[in-house]
A.B. asks: 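This is the structure, below, for whatever I ask next.
In each ligand, atom 1 is the first atom listed, and ligand 1 is the first ligand listed.
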Amino acid sequence: MLVSLFLLRSVVLKHVVDFEGWRAAARSLALDHIPPEQTIWSVEEASDLFAETVTAAPQAGAFSVPRGLVDLAETVIQVKDPERFALLYALIWRAHGGEKHILDDVADPLVQRVMRLAQSVRRDTHKMRAFLRFREVTELDATRYVAWFEPDHYIVEANAPFFIRRFATMTWSILTPYRSAHWDGETLRLAPGARAAEVPDDDALEAYWRAYFSSIFNPARLKIAAMVSEMPKKYWRNLPEASAIPDLIRHARERTETMVEAACLSPVRPPRPRVHVPGTRGTPPADTPLQALAAAAAACQRCDLFRHATQTVFGEGPATARLMLVGEQPGDQEDLAGRPFVGPAGQMLNRALIEAGVARETVYVTNAVKHFKFEPRGKRRMHATPNSTEIEICRFWLDQERDLVKPAVIILLGASAARAVLGRAVTIARERGRAIPMGDAKAMVTTHPSYLLRLPDESSQQREFAAMVDDLRTAHAWL
Ligand code: SF4
């Protein structure tokens, strides 16, 4: 679905691996001569997973890109990084613009980055196929094989056919945080994921499965009579790979990392220093003080926001950055990706930084609150503003980021960031754009890019975008 957003084209895909939607949109954008920097990509995920994907209307005109590029895109679309759609479109744009053999240019930074992403998906696929651990669960006198797996990427959909071929006559379910796949011997059903925080250890998986099963399945769709009478296990016994399953169950855990490392020729990392932070679950490893802090924050339970979010989203950027940007909290896509400002607001911010002449890779980007606060609404997770207590508690991490990075200028994106850093309520319209002394540093308040996305008309979006660019440019000039 293509939506015009003043100077930008916003593409909303139906789900995280909506390859056909991305492909149709990329073709349409290229034929409309819309360059990559004028596109914003996001995923709706609110619609029925099994609804037919709505794609952009076919455009007239000559359009062809090498088959290898299409195959590569089909792999990279599975990467758990909201930037993947834009990166792939940038490749398509260049190929369509005449660089037909762009993939042969292995020194090209974009090609290198996309190739690395593809390799990461292949590695994840290898792990899933080799080390998935099924457990036998009895349901209504029949047997189901259930596996819990935490992929690094969105690989369940692409790998479900592999497991169907391999365990065709078994009844099985694969549960992951973002998606579950259920095979009843005839039909594959994809459903929302199970929450990692709700999945118990292996010994309790059976009990968990029963509760999960009853919550997601319509018994009428399970062919109960057939399951009871056919006893899937007798088919399972006849499978040539059956002997491998007990082995997987017994040894998967201890073999996983060593075999994956060997298969992928990844270097063995040396022991790393550890840091302990009160109020966290453990003493995670780290290479640098900033990484140690990020690792400690990953285990934070200082407030309740960790309970429902997917993960801590820590700041990122050079530890020596002179400019720090502070936002409010991660959004839906940041929560899934584990990185700040990668969703639609992040893409808006990137565009404003480019307009202001600021390279994002030189900036340290973080948030006042490190966990995504939301309210469920159907299948959507709607942003909820963190309250002053949550901001104050999470300031523990932001203060330490500031201490380690020591930025000369801090740009506060929105009221929550301003409250976290200045320690008081701020009216953006009254204080934006001016220098606020912070010891050796200066701070500036400006709007949050998500505010621009919520404005109802193009003229106000353009006006606010220009004002944000002005603020960024001014703050950058203070360096
Ligand atoms: S929001 Fe901040 S303080 Fe609360 S649990 Fe997450 S990291 Fe910890």
A.B. asks: Quick test of your reading of the model: are Glu74 and Arg23 salt-bridged, counting only N-O distances below 4.0 Å?
C.D. replies: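 Arg23 and Glu74: not salt-bridged.
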
A.B. asks: Do Arg473 and Asp470 meet the salt-bridge criterion of a basic N to acidic O distance under 4.0 Å?
C.D. replies: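 Looking at Arg473 together with Asp470, the answer is yes, because their closest N to O distance falls below 4.0 Å.
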
A.B. asks: Among His371, Lys373, Lys370, His383, exactly one meets side-chain hydrogen bond (donor to acceptor under 3.5 Å, both in side chains) together with Gln329. Which residue is that?
C.D. replies: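 Only one of His371, Lys373, Lys370, His383 forms a side-chain hydrogen bond (donor to acceptor under 3.5 Å, both in side chains) with Gln329, namely His383.
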
A.B. asks: Students should be able to answer this: which protein heavy-atom is nearest to atom 6 (Fe) of ligand 1, and at what distance?
C.D. replies: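 Looking at atom 6 (Fe) of ligand 1, the protein heavy atom closest to it is His371 ND1, 2.2 Å.
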
A.B. asks: With distance as the sole test, does Arg377 use its side chain to make a donor-acceptor pair with the main-chain N or O of Met382 at under 3.5 Å?
C.D. replies: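 Not at all, since once roles are kept as given, no pair shorter than 3.5 Å links the two residues.
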
A.B. asks: Could you tell me, atom by atom, which parts of ligand 1 come under 4.0 Å of a heavy atom of Trp397?
C.D. replies: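 Going through ligand 1 atom by atom, the ones under 4.0 Å from Trp397 are 7 (S), 8 (Fe).
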
A.B. asks: Do me a favour and list the nearest non-hydrogen protein atom to atom 4 (Fe) of ligand 1 with residue, atom name and distance?
C.D. replies: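 For this ligand atom, the closest protein heavy atom is Cys303 SG, 2.3 Å.
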
A.B. asks: How far is atom 8 (Fe) of ligand 1 from the closest protein heavy atom, and which atom is that?
C.D. replies: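 Looking only at protein heavy atoms, the one closest to atom 8 (Fe) of ligand 1 is Cys300 SG, 2.2 Å.
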
A.B. asks: Determine whether the side chain, the backbone, both or neither of Phe396 has a heavy atom under 4.0 Å from any heavy atom of ligand 1.
C.D. replies: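 No part of Phe396 comes within reach of ligand 1.
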
A.B. asks: Of the backbone and side-chain N, O or S atoms of Cys394, does one lie nearer to atom 2 (Fe) of ligand 1 than 2.8 Å?
C.D. replies: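 Yes.
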
A.B. asks: Which of the atoms in ligand 1, numbered in the order shown and given with their element, are less than 4.0 Å from a heavy-atom of Val369?
C.D. replies: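 Heavy-atom distances to Val369 below 4.0 Å select 1 (S).
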
A.B. asks: I want to check a possible cation-pi pair here: Lys442 against Trp478, using under 6.0 Å from ring centre and within 45° of the ring axis as the test.
C.D. replies: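 Positive - Lys442 is close enough to the ring of Trp478 and near enough to its axis.
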
